[in-house]
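As structure tokens, the structure follows; a few thoughts come after it.
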Amino acid sequence: MTTIQEHLRRLDIGKRYKGYRMIIIAVKLGMEDENSLQCAQELLYKPIAQQLGCSFRSVERDIRTVIAHA
């Protein structure tokens, strides 16, 4: 289990959330390039959407759902 997953588990965020996998990818991308956090739609949501085969809007919505739960 990675450190990101451990932190999410402490926040009571499990795999049952659709955005769980998305937020793990987003955190990894944000750690690689902190500037990506300033332009989340272009540098986070769209690459995640391409990787997972969905729209960037659904990525944003699912990540916001996980954040709201935390």
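The figures here come from the full heavy-atom set of this structure, side chains too, leaving out hydrogens, waters and symmetry mates. Predicted model, so just to flag it, every value in this text is computed and none were measured.
- The one candidate from R57, E60, Q50 that meets the side chain to side chain contact (heavy atoms under 4.5 Å, CB included) condition with Y45 is E60.
- Contact check for V59 versus L44: no side-chain heavy atoms found under the 4.5 Å cut-off.
- When all heavy atoms of P47 and E42 are compared, the pair lying nearest together is CD-O, 3.4 Å.
- Nearest heavy-atom pair, A49 versus F56, reported as atom, atom and distance to 0.1 Å: CB-N, 3.6 Å.
- For the salt bridge (Lys or Arg N to Asp or Glu O under 4.0 Å) condition, no pair includes a residue of residues 27-40, sequence neighbours left out.
- Listed for the T65 side chain is a donor-acceptor partner under 3.5 Å among the backbone atoms of R61.
- Both I4 and I48 sit in one connected hydrophobic cluster of ILVMFWY residues. Membership requires side-chain heavy atoms under 4.5 Å apart, directly or through other members.
- Dense packing is recorded around NZ of K46, with more than 12 heavy atoms of other residues, nucleotides or ligands lying under 6.0 Å away.
- Residues V66 and Y17 share a closest heavy-atom pair of CG2-CB, 3.9 Å.
- The two residues G30 and L37 have their closest heavy-atom pair at CA-CD2, 4.1 Å.
- Panel note: side chain H69, backbone R64; no donor-acceptor pair is recorded below 3.5 Å.
- Using a 4.5 Å cut-off on side-chain heavy atoms (C-beta onward), L43 and L29 make no contact.
- Separating the CE atom in M22 from the OG atom in S58 is a distance of 5.0 Å, to the nearest 0.5 Å.
- Note: I13 CD1 to H7 NE2 = 12.0 Å, rounded to the nearest 0.5 Å.
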